[in-house]
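So the structure is just underneath, and the comments pick up after that.
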Amino acid sequence: MDGNGRWATARELPRILGHRAGAATVRQIVEGCCEIGISALTLYAFSWENWHRPSQEVRELMELLVEFLTGELDRLRANQIRLQAMGRLDHLPPEVREQLDRVMAATASHRRMILTLALSYGGRQELVDATRKIASLVQAGRLRPEQINEGLIAQHLYLPELPDPDLLIRTSGEQRLSNFLLWQISYCELYVTPTLWPDFTKQELLEAVRAYQHRERRFGNTSAALTNGQPRPTAE
Ligand code: FPP
C-alpha cells in the first residue's frame, strides 16, 4: 500500500494524514474485493523494515491500526470477513496485539473472505523463523533432513493454510517486492500502477483483476502443454 507519504507531501500535509487516507482506501478495497468474490486479500500494512522509520511515524501508525481495528469489527461482521495477521507480531505494542486478538477471535468463524494484515512482516524473516522451527525438529530427532521439501517448508510459514496469492498489486509505481511474501509469490502475477495508494479505487481494482484475467499462467511449462491439459507442476 505504497504512496501514502507522497500523497500527503503533495498536499503539504503531515505523512500520517496520508496513512489515514490510506486507511480509508483499505475500507473501499476490502469491500470491493468482497463484492467481486475474492476469497483472500493480504495487505502489507507494516513491514519489518518499517520499524526503522522515525519513532513518531511508527507510533502514529500503531495508533491508526488500533483505531482501524476498533472501528472495523461491525463491518467485518456484516460482510462475514475473517481477519488474520502475519509477521513477528510479538514486536507489536500491547494495544495493537489486544485489538488484533479481539478482532481475530470475533471473526474466526467468518467464511466469505480472509483478510490478512501483514504486520511487522518480512519475507526473509518469515523464512528465518520457518527454518528455526524446522531445525529444532531435526535437532529433536523428529525429522530427517531428507524429509525437508517444499511442502514441509510451506507448512512452517506463518499462515500455512493461506493459499499462495495469484495477483500482487503494487501501487505508486515502485517496481520491487520489498520483502513481501517471498516464498509465496514465486509464480504470482504482478500488477504495477503509478496510482498512489490513497487514490487507488474499486474501479482500478477491477482493472487489475481484468488484466490478471488476460495473463497466461504457465508455471514454467509451455503454452502448448497447458492447452493439452497437462497439470501444473506439484511441489517437491
Ligand atoms: C507505505 O507507504 C505505507 C505504509 C508503511 C503504511 C500503510 C498503512 C496504511 C495504509 C494504514 C493503516 C493500515 C490499515 C490496515 C488500516 P509510504 O509511507 O512508504 O509512502 P511513500 O513511499 O509515498 O513515502
Side-chain angles (χ1 to χ4, degrees), residues 1-34 38 40-76 79 81-89 91-93 95-104 106-107 113-123 125 158-159 162 165 168-181 192-202 204-205:
M1 296 187 286
D2 221 2
N4 298 343
R6 275 164 282 172
W7 184 93
T9 305
R11 289 162 179 76
E12 297 182 16
L13 295 170
R15 289 177 61 84
I16 188 61
L17 292 189
H19 295 310
R20 283 194 170 276
T25 302
V26 167
R27 283 187 201 96
Q28 285 298 306
I29 297 307
V30 169
E31 192 179 90
C33 285
C34 250
I38 301 286
L41 169 69
T42 300
L43 298 173
Y44 203 5
F46 193 85
S47 74
W48 179 247
E49 289 76 18
N50 286 156
W51 288 119
H52 296 302
R53 289 197 174 197
S55 56
Q56 183 184 341
E57 182 165 344
V58 170
R59 196 179 56 251
E60 287 172 340
L61 269 170
M62 293 299 137
E63 286 166 3
L64 180 56
L65 263 172
V66 170
E67 198 180 306
F68 177 84
L69 290 165
T70 320
E72 226 45 30
L73 186 53
D74 286 347
R75 224 186 300 261
L76 296 174
N79 289 302
I81 300 170
R82 176 180 183 185
L83 185 95
Q84 300 189 132
M86 73 193 305
R88 289 188 173 163
L89 305 180
H91 281 67
L92 294 169
E95 316 82 79
V96 177
R97 287 294 302 273
E98 275 162 35
Q99 288 307 319
L100 261 183
D101 289 345
R102 187 180 70 90
V103 180
M104 288 192 297
T107 61
M113 186 174 94
I114 297 178
L115 171 62
T116 305
L117 299 184
L119 290 170
S120 185
Y121 175 85
Q125 287 65 31
Y158 293 136
L159 294 174
L162 199 62
L168 186 156
I169 298 174
R170 176 99 203 207
T171 54
S172 88
E174 305 293 3
Q175 303 196 30
R176 53 175 169 261
L177 299 174
S178 301
N179 206 9
F180 187 54
L181 300 179
V192 176
T193 168
T195 306
L196 304 177
W197 176 252
D199 293 328
F200 193 76
T201 56
K202 283 185 187 178
E204 193 167 1
L205 170 71

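In listed order, ligands and their atoms are each counted from 1. All of these numbers come straight from a predicted model, not from anything done at the bench.
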Given side chains that start at C-beta, do those of Leu65 and Leu119 come closer than 4.5 Å, heavy atoms only?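 Yes, side chains in contact.
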Considering only the protein, which heavy-atom contact is closest to [atom], and what is its distance?
atom: atom 12 (C) of ligand 1; result: Leu64 CD2, 4.1 Å
atom: atom 15 (C) of ligand 1; result: Leu117 CD2, 3.8 Å
atom: atom 19 (O) of ligand 1; result: Arg53 NH2, 2.7 Å
atom: atom 20 (O) of ligand 1; result: Gly5 N, 3.1 Å
atom: atom 3 (C) of ligand 1; result: Met1 O, 3.3 Å
atom: atom 22 (O) of ligand 1; result: Arg6 NH2, 2.9 Å
atom: atom 11 (C) of ligand 1; result: His19 O, 3.6 Å

Can you list the ligand 1 atoms lying under 4.0 Å from a non-hydrogen atom of Ala45?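 It comes down to these atoms of ligand 1: 6 (C), 7 (C), 8 (C).
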Who gets closest to atom 10 (C) of ligand 1 by heavy atom: Asn4, Asp2, Leu61, Val58?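 Heavy atom nearest to atom 10 (C) of ligand 1 belongs to Asn4.
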Side chain to side chain contact (heavy atoms under 4.5 Å, CB included) with Asn50: which residues, sequence neighbours excluded?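 Phe46, Ser47, Arg53.
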Taking 4.0 Å as the limit for heavy-atom contacts, which would you say applies to Thr9 with ligand 1: side chain only, backbone only, both, or neither?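 Under 4.0 Å from ligand 1, Thr9 contributes no heavy atoms.
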Classify the contact between Arg15 and ligand 1 as side chain, backbone, both or neither, using a heavy-atom distance cut-off of under 4.0 Å.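 Looking at Arg15 and ligand 1, just side chain atoms fall under 4.0 Å.
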Taking it one step at a time, do Arg20 and Glu63 satisfy salt bridge (Lys or Arg N to Asp or Glu O under 4.0 Å)? CA-CA 11 Å; Arg20 283 194 170 276; Glu63 286 166 3; over 6 Å; no
From Met86 atom CE to Leu43 atom CG, the distance as rounded to the nearest 0.5 Å: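 The CG atom of Leu43 is 12.0 Å from CE of Met86, to the nearest 0.5 Å.
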Shortest non-hydrogen contact from Thr107 to Ile81?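 Smallest heavy-atom distance, with atoms named: CB-O, 3.4 Å.
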Minimum heavy-atom separation for Ser120 to Leu92, with atom names?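 That would be CB-CD2, 4.2 Å.
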Any N/O of Asn50 closer than 3.5 Å to an N/O of ligand 1?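 N/O-N/O distance under 3.5 Å: no.
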Ligand 1 N/O within reach of Gly3 N/O, cut-off under 3.5 Å: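 Yes: some nitrogen or oxygen of Gly3 is under 3.5 Å from one in ligand 1.
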Do any N or O atoms from the side chain of Tyr121 and from the backbone of Leu181 form a donor-acceptor pair under 3.5 angstrom?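 Present.
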